[in-house]
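Below you'll find the structure, written out as structure tokens, and then a few comments.
We name chains A, B, ... by the order of the sequence lines, and we start the count at 1 in each one.
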Number of protein chains: 2
Amino acid sequence: MSFSEGKKATRQRVIMTELALSPSVRTSELATRLGVSAETVRRDIEEMTRRGLVSRTYGGATGLQLGLQPGFQDRDATAVQERDTIARMAVRMVKPGDVLMIDSGSTTAHFARALAYSIDGLTVITNCLAVAQALAPQKKTRVVLCPGEFSAHEGGVYGPETCAFLDRFNADIAFIGASGLTPDGPNDVESGACWVKRKMLERAERRALLVASSKFNRRHLELVCRLRDLSDIVTEALPTGPMADALRISGVTLHVREDRLSEAS
Amino acid sequence: MSFSEGKKATRQRVIMTELALSPSVRTSELATRLGVSAETVRRDIEEMTRRGLVSRTYGGATGLQLGLQPGFQDRDATAVQERDTIARMAVRMVKPGDVLMIDSGSTTAHFARALAYSIDGLTVITNCLAVAQALAPQKKTRVVLCPGEFSAHEGGVYGPETCAFLDRFNADIAFIGASGLTPDGPNDVESGACWVKRKMLERAERRALLVASSKFNRRHLELVCRLRDLSDIVTEALPTGPMADALRISGVTLHVREDRLSEAS
DNA sequence: TCAAAAATTTTGGACATTCCACATTAGTAT
DNA sequence: ATACTAATGTGGAATGTCCAAAATTTTTGA
């Protein structure tokens, strides 16, 4: 009888579907709709809660509100302070009317939010949904979104379509992020993301890397480019050791600020 | 004593805050925490539900998920029921492995959410961010996002880039929405959106319009296409009068609610 | 095929929530 | 102050939910 998946799996899939359509479901309704007893539904919900799929409530369940992609903003929710400093510094590189390319990532998205209320008349080309959403409400900013395969994990689009599209534009400044920075240069875990970053760097006059100091000396799958291929690096703490040496030699402009000022007490 | 906002407003603000921290709140707990009777909390929740701020559940409330475009889902927060019925019916037109084009809009986004957990192996081409985000978490679904100028109001991309991009693809079914439907055909307030819809219809074998019956006989700026240019219309209530006549003549397949089915077998 | 294991339903009582009508209180305008 | 309206509290009946244990069905494995 059963061919592809068990009854339980089917039931739980229906629950997820139901939850995708409405913010909450009720045990009793599900029981009727699924033709099983309330107890069974309750057990399903309990199990799904354990697995982190839903959140149990009195009388039913609700989906987990994920503000965004799981792992996109959560990835380092602790680093808000650092990202904030970086974002503010990076904003100072931009002047009204500039054409920007902005990469996907939590740091660049934060930068975009800071940009939104600071500078007018921008044109922003991005492959990141969060960046687009941050900037678009500003009437005076034009946001161009790249095509490509959408990755929920990264919250952006990637692939040959993306690169080919970027190839048709010229920008004043490109802002890219990275999952690591070594003396060799910025690197990233995603190969698809690397190609997009490279293409952005290629099409822009100034080429800025936004990176938290916690990423220093972290080595990942693929090298995006050499240090000397960047024109600016924006970070919140001075690098040390080999990293500092490599930066000095590369001739990249380093934007750092240590003043730890908060919002008025 | 009171200077800025009334007690009720403060209470409801607390409820919203609480809801931002956890996916659901319980009436009883709120009552204790707020120092008011459960009945008052219940009345608050009821009012907030009417205003579309939260969703009432048995024993409490949950936030509305899919936190995206402000004004995107709000536009007609009341029509959830209708959209829900439409979404479920539309899902039944799709089979595993299909290539779909999905337009931007609240109805189509809802459809995408219903699709996400129902059908595997899809390829979806869309100009709508919400659609992409709804479908992308499904590993077995491929989501291709169109390029274009991003409109925060619509939550999607538009313009010549978008149309030119769509022109390169072929789809099994196109699902479009509309702000109005008259005997002439579907129409929309946004000219840019119309062009995208037309292009999607042009590139797909089956051409389905998802529209709530509340949109019947509403006339807006621009006609998207003729009725006969559509192959299917999915709605939740039978049209009447001239609208019904026009539909019969046009030869479009009409899908109206026939729900109340559970899975089983 | 049969028996053990797992999943599901049933049952019943304890407890929680809702709903509604009405009493009470707070807030506001006259 | 007075009268009026909105907001909140109270009580009890009706309904819904939870939980645990036992009975039943389905699935699994040899």
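Residues B/Glu154 and B/Ser104 bring no donor and acceptor atom of their side chains to less than 3.5 Å of each other. Donor-acceptor pairing under 3.5 Å is lacking for the side chains of B/Glu222 and B/Asn187.
Taking atom CG of residue A/Asp44 and atom P of nucleotide C/dA6, one finds them 17 Å apart after rounding to whole Å. For A/Lys8 and D/dT28, the NZ to P distance is 11 Å, given to the nearest whole Å. Rounding to whole angstrom units, CZ of residue A/Arg26 and C1' of D/dT15 are separated by 10 Å. Atom CG in B/Leu34 sits about 17 Å away from atom P in D/dA7, given to the nearest Å.
Across the helix from C/dT1-D/dA30 to C/dT30-D/dA1, the helix axis at one end is tilted relative to the axis at the other end by 40° (nearest 10 degrees, each axis from five pairs).
For residues 171-186 of chain B, the side chain to side chain donor-acceptor pair (under 3.5 Å) pairs, not counting sequence neighbours, are B/Ser179-B/Asp188, B/Asp184-B/Arg219.
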Nucleotide by nucleotide, 5' to 3', does protein get under 4.0 Å of the base (B), only the sugar-phosphate (S), or neither (-) in nucleotides 18-26 of chain D, counting heavy atoms? SBB------

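With sequence neighbours left out, B/Asp245 forms a side-chain contact (heavy atoms from CB on, under 4.5 Å) with B/Arg248. Residues meeting the side-chain contact (heavy atoms from CB on, under 4.5 Å) test with B/Arg26, sequence neighbours left out: A/Tyr58, B/Ser28, B/Glu29. Evaluation of the side-chain contact (heavy atoms from CB on, under 4.5 Å) rule for B/Leu221 yields no partner, not counting sequence neighbours.
Panel note: side chain A/Thr49, backbone A/Ile45; a donor-acceptor pair is recorded below 3.5 Å.
Looking at A/Gln133 and B/Leu129, their side chains come closer than 4.5 Å, going by heavy atoms from C-beta outward.
Taking side-chain N and O atoms only, B/Ser37 has a distance below 4.0 Å to OP1 or OP2 of D/dG9.
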